[in-house]
Every structure is written in C-alpha cells, then in structure tokens.
Amino acid sequence: MAAVGGSERGPLDTTVPRPATPPVRKTLTSFDHRVELAVGFTVDRLWRDHDRGLLDEQTTSVAAAHRALAEAEQSVTFYRVLLQRLASGEYPIDSVLFPRIDRTVKQLKEAVRIRDARETDLSDVLEPMEANAARSPAGHVDLKARDIAMLLAIGQGAKLHEHLLTQRLSVVTASGTRIGQHDFSRLETTGLVQRDTTHPLHAGQPVTLTDAGRAALTARPTGRVASRPTPRPGAWPDATTHTR
C-alpha cells in the first residue's frame with residue numbers, strides 16, 4: 001500500500017496511520033502563551049517535568065490537558081494537509097477521489113470538534129491557577145515568576161495597542177515581548193501597572209509600572225528570575241531565562 005505522504009504516485013489510500021506518539025518537538029497550540037504565563041516557564045519544560053513527575057497536582061493537570069490539546073491539534077493538521085493534497089491535482093479527478101475527499105472532510109470536522117473540546121478542558125484547569133495569581137496582593141514577595149518577567153519587560157518601556165480588526169488589546173514592550181489582554185488586565189487590576197489614557201489606543205498608550213509594581217520587583221525573592229526574558233517566536237518566556 002502506497003502512503004499518501006510518499007513520493008510515488010499510485011492508488012490513493014486515506015487510511016494511512018498517524019504516528020502513535022507526538023513528535024519530540026511539541027505541536028504549537030493557541031494556548032501556548034497562556035500556559036507559559038500561568039505556570040511560569042516554557043511548555044517544553046512543562047512537558048519534561050511532567051514526564052519526570054516533578055510537578056504539583058495543579059500543574060500536572062495543566063500539563064496533561066495541554067498535551068491532550070497538542071495531540072488533538074496534530075490530528076487537525078494531519079487531516080487538513082491530507083485534504084489539501086487530495087484537492088491539489090496530484091491525483092486523477094475521478095469517481096474514486098470524491099468519496100475519499102468527503103471522508104477526509106468528515107474526519108477533519110471530527111478532529112476539529114475534539115480539538116475544541118480539548119481547548120475547553122485546558123481552559124477549565126488554567127482558570128483556577130490564573131485566578132490565584134489575580135488574587136495575590138500587589139508587591140507580595142511571592143510574586144510568581146511569570147509576573148516578575150512581565151513586569152521587568154514592561155519596566156523597559158511598553159505600549160498598549162488595539163488590533164484594528166479584532167479589537168483585542170495587547171502590550172508590546174521595547175524588547176519585542178507581547179503581553180496578551182488577559183494578563184495585562186490582571187496586572188492592571190492588581191495595581192502593578194498603569195496606562196496613559198491621554199494617548200489614543202491606535203497610536204499606542206504608554207504602559208508603566210506603578211509604585212506597587214516597582215515595590216513588587218524590589219521585594220521579589222532573589223534567584224527567581226535570572227534576567228529579563230529574551231522573546232522567541234512561538235512562546236514566551238524563553239526557556240533559557242529559567243534555570244532549574
């Protein structure tokens with residue numbers, strides 16, 4: 001049986017088995033940024049520590065839910081790519097092709113349904129962790145590493161922008177780090193940061209640390225964050241800014 005992903009032309013078979021285990025490099029998901037901010041380190045380290053049994057119960061639940069989402073996202077990608085290939089003209093357009101396209105569309109729909117359910121599961125286990133962080137008093141010495149990293153980045157200069165199409169807010173720092181609306185709102189609500197509303201959003205509203213925010217950084221335990229994080233495409237904070 002010729003594999004759909006092979007280089008040889010031949011009879012088309014859409015029942016090619018998917019890999020039994022995820023690749024070493026995780027599949028990117030729309031929740032990666034949120035997960036990393038919630039746990040305080042990269043998802044690569046999250047998976048590694050999960051395999052080693054080093055996580056507490058709450059973080060273990062987040063790791064398991066994130067892995068389930070990544071696997072579901074991998075299935076969506078598999079069927080999407082398969083559908084693109086079926087419709088690409090690589091194979092003869094005949095009476096055999098159309099039922100296979102229909103079958104792949106159904107498989108893709110089911111993969112998307114499962115992916116959406118996994119996103120809900122992950123959001124459910126993330127929200128309590130994020131709520132705990134939001135209830136932490138400003139300037140508390142036990143400020144989480146992810147909050148310290150964001151405050152350090154904002155302290156170097158930052159602006160709040162509104163996306164013209166989605167109206168979603170995000171903070172872009174001088175170092176290129178992007179902080180999402182959810183996390184900015186949490187920092188603003190807890191009194192750690194403030195924005196200059198005299199500037200329009202489309203031009204960017206300057207975001208600065210409040211006195212409480214600066215006090216939180218001053219009072220943080222030494223050794224929690226080695227340095228200001230260096231952003232990398234796809235995820236933040238970068239793994240190299242955290243040491244075990």
Side-chain angles (χ1 to χ4, degrees), residues 28-46 62 122-123 126-243:
L28 295 178
T29 76
S30 60
F31 274 67
D32 289 358
H33 178 73
R34 184 175 167 187
V35 166
E36 290 179 337
L37 290 177
V39 301
F41 43 83
T42 68
V43 292
D44 292 319
R45 175 179 166 182
L46 178 68
V62 171
L122 178 55
S123 183
L126 271 177
E127 286 175 356
M129 183 178 289
E130 293 169 333
N132 289 338
R135 286 194 296 267
S136 299
H140 193 275
V141 295
D142 195 28
L143 196 67
K144 294 186 179 297
R146 68 182 185 280
D147 294 327
I148 294 174
M150 287 189 289
L151 292 175
L152 286 170
I154 290 173
Q156 301 299 314
K159 285 188 176 182
L160 178 69
H161 296 271
E162 181 181 49
H163 194 282
L164 293 178
L165 297 179
T166 66
Q167 282 74 57
R168 295 287 295 176
L169 302 177
S170 63
V171 173
V172 179
T173 70
S175 64
T177 298
R178 185 176 296 274
I179 299 172
Q181 179 175 349
H182 173 85
D183 297 291
F184 168 73
S185 297
R186 179 169 54 80
L187 294 176
E188 186 178 40
T189 299
T190 53
L192 297 174
V193 300
Q194 61 187 359
R195 52 175 156 163
D196 185 350
T197 56
T198 62
H199 292 72
L201 273 174
H202 66 81
Q205 293 180 343
V207 177
T208 57
L209 300 178
T210 63
D211 291 341
R214 285 186 287 272
L217 290 179
T218 303
R220 73 186 190 276
T222 59
R224 291 290 297 277
V225 177
S227 62
R228 183 164 53 87
T230 301
R232 64 178 175 83
W236 179 88
D238 191 278
T240 58
T241 63
H242 296 276
T243 56

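Everything quoted here is computed from the prediction, not taken from an experiment. All residue numbers in this chain count up from 1 along the given sequence.
- Scanning for side-chain contact (heavy atoms from CB on, under 4.5 Å) contacts around Q205 gives L160, R195, T197, H199, L201, with sequence neighbours left out.
- No donor-acceptor pair closer than 3.5 Å links the side chain of R168 to the backbone N or O of E162.
- Between G191 and A212 the shortest heavy-atom distance is O-CB, 3.5 Å.
- A distance of 7.5 Å separates CD1 of I148 from CG of L152, quoted to the nearest 0.5 Å.
- Here the side chains of M150 and D183 are in contact, with some heavy-atom distance below 4.5 Å.
- Here the side chains of L192 and L151 are in contact, with some heavy-atom distance below 4.5 Å.
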Applying side chain to side chain contact (heavy atoms under 4.5 Å, CB included), run through H161 and L169 and close with a yes or a no.
CA-CA 6 Å; H161 296 271; L169 302 177; over 6 Å; no
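- Residues meeting the side-chain contact (heavy atoms from CB on, under 4.5 Å) test with T198, sequence neighbours left out: D196.
- By the side-chain contact (heavy atoms from CB on, under 4.5 Å) test, S123 is found to be paired with F31, R34, E127, residues two or more places apart in sequence or in another chain being considered.
- With sequence neighbours excluded, no residue forms a side chain to side chain donor-acceptor pair (under 3.5 Å) with T210.
- Separating the OG atom in S170 from the NZ atom in K159 is a distance of 13.5 Å, to the nearest 0.5 Å.
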Start with the C-alpha gap between V62 and M129, add the side-chain angles, then the distance that decides, and say whether side chain to side chain contact (heavy atoms under 4.5 Å, CB included) holds.
CA-CA 9 Å; V62 171; M129 183 178 289; 4.0 Å; yes
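- Residues forming a side chain to side chain donor-acceptor pair (under 3.5 Å) with S30 (at least two apart in sequence, or on another chain): E119.
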Run the side chain to side chain contact (heavy atoms under 4.5 Å, CB included) check on T42 and L46 step by step: do they pass?
CA-CA 6 Å; T42 68; L46 178 68; over 6 Å; no
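- Residues satisfying the side-chain contact (heavy atoms from CB on, under 4.5 Å) test with H182, not counting sequence neighbours, are E130.
- A distance of 11.5 Å separates CD in E36 from CZ in R45, rounded to the nearest 0.5 Å.
- The side-chain heavy atoms of T29 and V35, taken from C-beta on, include no pair separated by under 4.5 Å.
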What's the verdict on side chain to side chain contact (heavy atoms under 4.5 Å, CB included) for T173 and V207, showing C-alpha distance, side-chain angles and the deciding distance?
CA-CA 9 Å; T173 70; V207 177; over 6 Å; no
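- If you take OG on S185 and CD1 on I179, they are separated by 11.5 Å, rounding to the nearest 0.5 Å.
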